Asks: 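Let me begin by handing over the structure; questions about it come next.
Quantities reported herein were computed from a predicted structural model and do not represent experimental measurements.
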Amino acid sequence: MKKLDRYGYAFIAPFWVVFLTFSIYPVFLTLYYSFTNYTGSPGEEIVGFANYARLLTDTFFIEAFVNTIKIWGVNFALQIGLALALALLFSDLRLKLKGLAFFRSFFYLPNLITISSVALLFGILLDWQHGSLNMILLKIGIISDPINWLSQPVTAQLSVSLILTWMWFGHSFIIVMAGVSGISKDFFEAAHIDGANRWQMFTYVTLPLLKPILLYIMITSLIGGLQLFDLPLLLTDGIGAPDGSLNTMVLYLYNQAFKYNNYGYAAAVAYGLFLITLVFSAVVFKGMFRKERAAQKGA
């Protein structure tokens, strides 16, 4: 038996070697660098919490944080709003809409396209001189002059939010519909017999029972949103133009590390991002279930 145990350890050893080398070791190495002034050359010095103190007063990082929240907030509101609206329609016992499988596949397709292809596609569509969007809007008379969508802060942020909504809406829709499918139809039939209309069934039956699903979507979307990097990088000059409106936290981290060689400070930014994500996730989790816990204590 001991010999067999040794063979087992030999089989799992490659996984642990790769995991410790490429996952655990970089985490602790980044933590070490966050307390140094490492610039890529040997001979870094320990600076203590200087990088973290700088992070708290860094206006560029604060601006990147605000930009990230704005872009993610618009994207999430549209994404979850559309997913819930369609879930309301497809779960309506009176309408009995068909074709759910087709719509699931259709809405999920953008999620399968690589981000570089998406950036190239929308870079062409949003081009202010020859882009299809401006040509269509000019032809139907909505605008009189072409709009440079990616050169103005407001339209640039809105464009990125809408692109992300287009990409990830299908994912949220599938998860929401899976949650709706798990709700017993008895609840809807009982509410219908009691005279509840569509909106009342949605607000008093569907939404409360979907709370765990919505919590999962919000936290995973929040984590992904705070790590927004590739689309702003590929759509603009790579430093967050126009006027820094697309400079997200991860893009700021990337430029600090690989453009300005401030690896020590970039490591501090990485751990700052980790703490922000942790705090926001905890706040969302407690906020979603605070009323239920209060009701249980009151009972």
Side-chain angles (χ1 to χ4, degrees), residues 54-81 110-111 113-134 137 143 145-169 171-172 218 220-263 265-277 280:
R54 174 186 171 186
L55 188 64
L56 294 175
T57 58
D58 188 348
T59 55
F60 293 104
F61 177 75
I62 296 172
E63 181 185 40
F65 169 74
V66 173
N67 291 338
T68 306
I69 293 298
K70 283 182 180 178
I71 295 171
W72 171 77
V74 174
N75 162 43
F76 180 76
L78 293 173
Q79 188 182 140
I80 200 65
N111 196 247
I113 306 174
T114 60
I115 193 67
S116 56
S117 301
V118 171
L120 178 62
L121 171 65
F122 281 93
I124 296 172
L125 291 176
L126 298 176
D127 182 75
W128 76 281
Q129 291 180 314
H130 308 290
S132 302
L133 180 60
N134 274 334
L137 295 178
I143 60 175
D145 296 307
I147 299 175
N148 197 340
W149 301 98
L150 298 177
S151 70
Q152 302 174 31
V154 175
T155 55
Q157 289 182 347
L158 183 60
S159 298
V160 173
S161 295
L162 292 175
I163 294 171
L164 291 172
T165 301
W166 175 76
M167 287 185 63
W168 290 99
F169 155 68
H171 179 265
S172 298
M218 188 166 188
T220 53
S221 176
L222 176 64
I223 293 172
L226 292 178
Q227 295 176 3
L228 178 61
F229 163 71
D230 37 20
L231 193 57
L233 175 71
L234 295 170
L235 280 178
T236 61
D237 57 359
I239 57 175
D243 298 330
S245 60
L246 294 184
N247 185 27
T248 62
M249 288 188 287
V250 178
L251 183 58
Y252 181 69
L253 184 159
Y254 173 82
N255 286 326
Q256 286 294 323
F258 302 108
K259 189 170 185 178
Y260 307 120
N261 296 328
N262 295 327
Y263 293 101
Y265 183 59
V269 173
Y271 270 90
L273 176 59
F274 166 72
L275 291 175
I276 290 172
T277 305
F280 270 59

Asks: Take the angle between the ring planes of Phe65 and Phe280 and call it parallel below 30°, perpendicular above 60°, tilted in between.
Replies: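 Rings of Phe65 and Phe280: perpendicular, as their planes differ by over 60°.
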Asks: Within the structure provided, determine whether Ser159 and Leu150 are in side-chain contact (heavy-atom separation under 4.5 Å).
Replies: yes
Asks: Checking side chain to side chain contact (heavy atoms under 4.5 Å, CB included) between Val74 and each of Ile69, Thr165, Leu158, which is the one that passes?
Replies: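 Of Ile69, Thr165, Leu158, side chain to side chain contact (heavy atoms under 4.5 Å, CB included) with Val74 is met by Leu158 alone.
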Asks: Go through the side-chain N and O atoms of Asn67 and Thr248 and say whether any donor and acceptor fall under 3.5 Å apart.
Replies: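 No pair is found: no donor N or O on one side chain lies under 3.5 Å from an acceptor on the other.
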Asks: Please tell me if the side chains of Tyr271 and Leu55 come closer than 4.5 Å, counting only heavy atoms from C-beta onward.
Replies: no
Asks: My understanding is that only one of Leu120, Leu125, Ile124 makes a side chain to side chain contact (heavy atoms under 4.5 Å, CB included) with Phe122; could you say which?
Replies: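 For Phe122, the side chain to side chain contact (heavy atoms under 4.5 Å, CB included) test succeeds with only one of Leu120, Leu125, Ile124, which is Leu125.
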Asks: Could you tell me the separation between the CG atom of Asn111 and the CH2 atom of Trp166, rounded to the nearest 0.5 Å?
Replies: 10.0 Å
Asks: Give the C-alpha distance, both sets of side-chain angles, the deciding distance and a yes or no for side-chain contact (heavy atoms from CB on, under 4.5 Å) between Phe61 and Met249.
Replies: CA-CA 7 Å; Phe61 177 75; Met249 288 188 287; 3.9 Å; yes
Asks: How long is the gap from CG on Asn261 to CG on Asn255, to the nearest 0.5 Å?
Replies: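 Between Asn261 CG and Asn255 CG, I get 11.5 Å after rounding to 0.5 Å.
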Asks: Can you give the donor-acceptor pairs under 3.5 Å from side chains of residues 220-244 to other protein atoms, not counting sequence neighbours?
Replies:
| residue | atom | partner | partner atom | Å |
| --- | --- | --- | --- | --- |
| Thr220 | OG1 | Tyr216 | O | 2.7 |
| Thr220 | OG1 | Ile217 | O | 3.1 |
| Ser221 | OG | Trp72 | NE1 | 2.9 |
| Thr236 | OG1 | Pro232 | O | 2.7 |
| Asp237 | OD1 | Ile239 | N | 3.1 |
| Asp237 | OD1 | Ala241 | N | 3.3 |

Asks: Search all heavy atoms of Pro146 against all heavy atoms of Ile143 and return the closest pair with its distance.
Replies: CA-CD1, 4.4 Å
Asks: Could you state the interatomic distance from CG (Leu137) to OG (Ser132), rounded to the nearest 0.5 Å?
Replies: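 Interatomic distance, Leu137 CG to Ser132 OG, rounded to 0.5 Å: 10.5 Å.
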Asks: Can you find a heavy atom in the side chain of Tyr260 that is under 4.5 Å from one in the side chain of Tyr265?
Replies: no
Asks: Starting at CZ of Phe169, measure out to CD1 of Ile80 and round the result to the nearest 0.5 Å.
Replies: 10.0 Å
Asks: At what distance, to the nearest 0.5 angstrom, does CG of Leu78 lie from CZ of Phe76?
Replies: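 Between atom CG of Leu78 and atom CZ of Phe76 there are 11.0 Å.
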Asks: Which atom pair, heavy atoms only, marks the closest approach of Ile147 to Trp128?
Replies: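 For Ile147 and Trp128, the tightest heavy-atom pair comes out as O-CB, 3.4 Å.
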Asks: Rounded to the nearest 0.5 Å, how far does OG1 of Thr68 lie from CD of Glu63?
Replies: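 Output value for this atom pair is 10.0 Å.
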Asks: Under 4.5 Å between any side-chain heavy atoms of Leu246 and Ile71, yes or no?
Replies: yes
Asks: Which heavy-atom pair separates Met167 from Ile115 by the least distance, and what is that distance?
Replies: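 Here Met167 and Ile115 meet closest at SD-CD1, 3.7 Å.
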Asks: What's the verdict on side-chain contact (heavy atoms from CB on, under 4.5 Å) for Leu273 and Tyr252, showing C-alpha distance, side-chain angles and the deciding distance?
Replies: CA-CA 11 Å; Leu273 176 59; Tyr252 181 69; over 6 Å; no
